[in-house]
Structures are given as structure tokens and as C-alpha cells.
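As C-alpha cells, the structure follows; a few thoughts come after it.
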Amino acid sequence: MNTQTHTAPALLHRFAARMDHVQPSAIRELFRYGADPRVMSFGGGYPDASLFPLEAFSTAYQAAIEQHGPLALQYIGTVGVYRLREQIAARMCADGVPCTAEDVLILHGAQQGLDLVARMLIDKGDVLLCESPTFLGGLIAFNPYEPRYCGIPMDDDGMDMDALEHMLALHPEAKLLYTVPDFQNPSGVTLSLERRLRLMELARRHDLIILEDSPYRDLRFEGETLPTLKSLDPDGRVIFLGSFSKILAPGLRLGWAVASPELLDKLALLKLAADSQCSTLNMVAISLMLETFDLETHINTIRDTYRDKKALMLHTIREHFPASVHYTNPSGGLFTWLTFPEGFDSARFMLEYALPEAKVAYVPGATFFPIEVRRNHARLSYSSAPSQMITDGMTALGKLLQQHLG
Ligand SMILES: Cc1ncc(COP(=O)(O)O)c(C=O)c1O
């Protein structure tokens with residue numbers, strides 16, 4: 001059989017125009033380097049797989065088949081298994097978002113929510129406000145719908161609200177604002193309470209819909225939990241996305257949306273078109289697991305592990321990096337964000353020095369900027385690297401940076 005792996009040039013012009021905006025990401029490129037076993041990669045945002053509760057999964061999947069028989073493998077409807085929706089609603093209520101199972105749509109991870117929300121709301125040229133830098137997976141999901149990005153700068157308290165207000169004055173027609181308020185990917189920073197309140201006030205004044213993407217919310221190491229934007233939303237203008245990826249395992253591909261009925265109904269219709277539903281077996285098994293498995297204790301274990309790893313990474317950075325490199329100190333989540341002096345190109349440095357000489361990979365920051373690309377940043381993840389690798393990798397990178405910046 002002729003297995004053609006490349007698209008014949010004659011076929012390229014048959015692609016829809018939106019395919020111009022569907023391009024491989026820098027992170028995908030990075031995975032090629034990650035394949036070299038000598039490379040210490042702090043690039044990927046994978047959770048620590050040694051924390052996946054394998055025994056509980058094994059019991060739950062067996063129980064799903066035993067208790068539900070063939071129904072565990074049958075179609076079930078787009079919105080998902082009712083009991084799991086109830087369990088998610090109960091967790092959301094405990095987190096200050098009053099809702100019921102009817103307000104929950106089960107998704108193939110939060111990532112699917114980004115695609116469906118963009119499909120629902122974005123026409124070509126619509127203004128999409130987002131943090132700058134923002135989650136790369138968000139840009140990948142939004143790009144095919146051809147929004148006009150307006151990036152809002154951030155500091156250690158999250159999105160700058162004066163800058164947002166200014167942007168809204170320039171673009172009063174803006175419709176959607178995308179934010180990762182808790183332990184943002186890539187920067188690790190959290191939107192302060194004061195700014196959450198101001199954001200909701202601006203959203204009300206400008207009739208914005210807010211897409212609140214918070215897969216790291218449960219992974220707080222220190223400080224007080226801040227209210228979700230959804231909990232500050234009496235008008236139903238916030239779509240909240242949650243996920244089991246970082247608190248159970250990403251391979252489940254289970255996340256959820258909580259939104260007002262008008263928005264949720266439309267999202268469910270789009271999900272029906274996209275994939276009909278999530279895996280019945282996965283939903284039934286995880287629902288059964290949540291009946292007996294102590295998720296809160298498990299989350300505490302994950303938090304403790306990442307807290308320790310973050311402390312080790314920042315300690316080593318402090319010891320070995322030149323003082324001219326700034327790093328964020330996240331109160332949760334998986335990432336710290338480096339800022340190098342102006343003029344420093346982190347992608348070039350990685351290719352020319354960090355990879356060949358220190359065998360260290362990170363994600364160059366340029367890839368996370370929606371429009372105005374800045375090259376003097378990098379994202380480091382401490383979640384999946386073993387402790388020794390964190391020490392060795394940060395020490396080696398620090399020495400190299402000392403030579404070039406010291
Ligand atoms: C901010 C953010 N949103 C969404 C996702 C996607 O998560 P999920 O695995 O639930 O699709 C990620 C994953 O890394 C993320 O960092």
C-alpha cells in the first residue's frame with residue numbers, strides 16, 4: 001500500500017482558509033529535543049505520573065464494568081454521566097459556586113472547552129482579550145476562529161486592570177475575555193482578589209463574557225484560596241472550565257464547564273457535533289472512584305509534592321542564577337516564569353547553549369505571547385522532574401547564564 005506521509009502540494013489550496021492559522025507550536029518542536037534521554041527537560045507541563053493513583057483507577061474501572069455491565073460501554077448523551085455531573089457540582093458548590101448537575105457539561109479536558117467556547121463566540125476579527133503571556137493551548141484553540149487578540153500585560157498580581165480598562169476603551173466592541181486566574185500557565189501568577197473584583201466590575205460595565213480556565217485551582221501550596229470569578233458572577237457571564245487532569249490524571253481526558261443554561265446548551269450542541277460525548281467508561285469509572293477514593297487527601301499529597309519541588313527549584317535558581325534573571329514565586333500550580341534582561345533571546349540561548357552545553361530544555365517565552373512577542377522569557381516546570389534533576393538542571397543552567405549574563 002502506498003502510505004503517503006506528506007500532503008501533495010496540489011492539495012494545499014484545498015484547505016480551508018482557517019488552516020493558515022493551524023500551525024505546529026514551539027512546544028511540539030521541543031518534544032523532539034525531549035526525546036534525547038540526556039536532556040533534562042523542564043519544558044512540558046506534565047503532572048508527576050508517580051502520583052497517579054493507579055490502584056484506585058484499577059479498582060474503579062473493574063467496578064464500572066461489574067456494576068454497570070454493558071451500559072458502561074454504551075452511548076450516554078452529550079452532557080455526560082449524571083452522577084459525575086452531580087459530584088462535580090458538589091465540588092464547585094464547596095468552592096463557592098452554587099450550581100447543580102444541570103449546570104455542568106462534561107468535556108474532553110478543559111482544552112475542549114477552549115475550542116467550543118471560541119467556536120460559540122468568535123467570528124473572524126472579533127476582539128479577544130487575554131493575558132499576555134497566555135496559555136499556549138488557548139491560542140492554539142482560538143487561532144482557527146481568527147480573533148483579533150488584545151493582550152493585557154501582567155505583573156505578580158495577574159492581569160493589569162488599568163491596562164484592561166484602557167484596552168476596553170479602545171475596543172468597546174470586545175466580546176470575550178480569556179483568563180487563567182489561578183497559578184497561570186505560563187507565568188505561575190495568581191490574580192489578586194482586588195483585581196478579581198475589578199475585573200467583574202469591568203465585565204459588567206462592558207458586557208463581556210469571561211472564560212475562566214482554572215485547571216490548577218486545587219493545587220495551592222500557600223496563602224488563602226481566592227474566589228473564582230464564577231462565584232462573583234450574578235449575571236451568568238462567566239464560563240468556568242475545570243479539569244481532572246492535574247488532580248487525577250490527564251490521560252482520562254475529563255474536564256468540565258459550568259455556565260448559565262443559555263451558554264451551556266449551546267456548548268452541548270457544539271460538543272455533540274465535535275465528538276458526541278466523553279467516554280462513558282471513563283465517566284462511570286471516575287464517578288465510582290469519587291464515591292470511595294479520598295480525593296482531598298490525594299490532592300494534599302500532590303500539593304505537598306509540588307510545593308517541595310517548587311521550593312527546590314527556586315532555591316537552586318536563587319543560588320546559581322545571575323541576579324539579573326527574575327523569576328516568579330507561584331503559590332500553586334506547576335510553573336515559574338523567568339524574565340531575562342532586555343535583548344536576551346531565550347530560544348536562541350536554548351538552542352545554542354542550554355541544550356548542547358547544559359542539556360537543559362525549557363519553553364522559550366515567545367510562544368506564549370498572543371501578539372507582541374517578547375523573547376526574554378522562559379517557562380520552567382517543576383512538576384514532573386525528579387528532585388535530583390531539578391538540582392542538576394538548574395545548577396547547570398545557572399552556571400551557563402552566569403557566563404553569558406553574569
Ligand atoms: C491553563 C490550561 N488550560 C487548559 C489546559 C488543558 O487541560 P486539560 O488536560 O483538562 O485539557 C491546560 C493544560 O495544561 C492548561 O494549562
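Order of listing sets the numbers, starting from 1, for every ligand and every atom in it.
- Crowding of E55 atom CD: a count of heavy atoms from other residues, nucleotides or ligands under 6.0 Å not exceeding 12.
- Between D95 and R91, none of the side-chain N atoms (NZ, or NE/NH1/NH2) sits under 4.0 Å from a carboxylate O, so this pair counts as no salt bridge.
- Environment of CD in E173: crowded, with over 12 heavy atoms of neighbouring residues, nucleotides or ligands closer than 6.0 Å.
- A parallel orientation is assigned to the rings of W337 and H377, their planes being inclined by less than 30° (bins at 30° and 60°).
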List ligand 1's nitrogen or oxygen atoms that come under 3.5 Å of a protein nitrogen or oxygen, with the partner atom and distance.
from	atom 1	to	atom 2	distance (Å)
ligand 1	3 (N)	D213	OD1	3.2
ligand 1	3 (N)	D213	OD2	2.5
ligand 1	9 (O)	S245	OG	2.6
ligand 1	9 (O)	R253	NH1	2.9
ligand 1	10 (O)	A110	N	2.7
ligand 1	10 (O)	S243	OG	2.6
ligand 1	10 (O)	S245	OG	3.3
ligand 1	11 (O)	A110	N	3.2
ligand 1	11 (O)	Q111	N	2.9
ligand 1	11 (O)	R253	NH2	2.8
ligand 1	14 (O)	Y216	OH	3.2
ligand 1	14 (O)	K246	NZ	3.2
ligand 1	16 (O)	N185	ND2	2.8
ligand 1	16 (O)	Y216	OH	2.4

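- Looking at S132, its side chain never comes within 3.5 Å of a backbone N or O of P153 through a donor-acceptor pair.
- Between G333 and Y216, the shortest heavy-atom contact is CA-CB, 4.1 Å.
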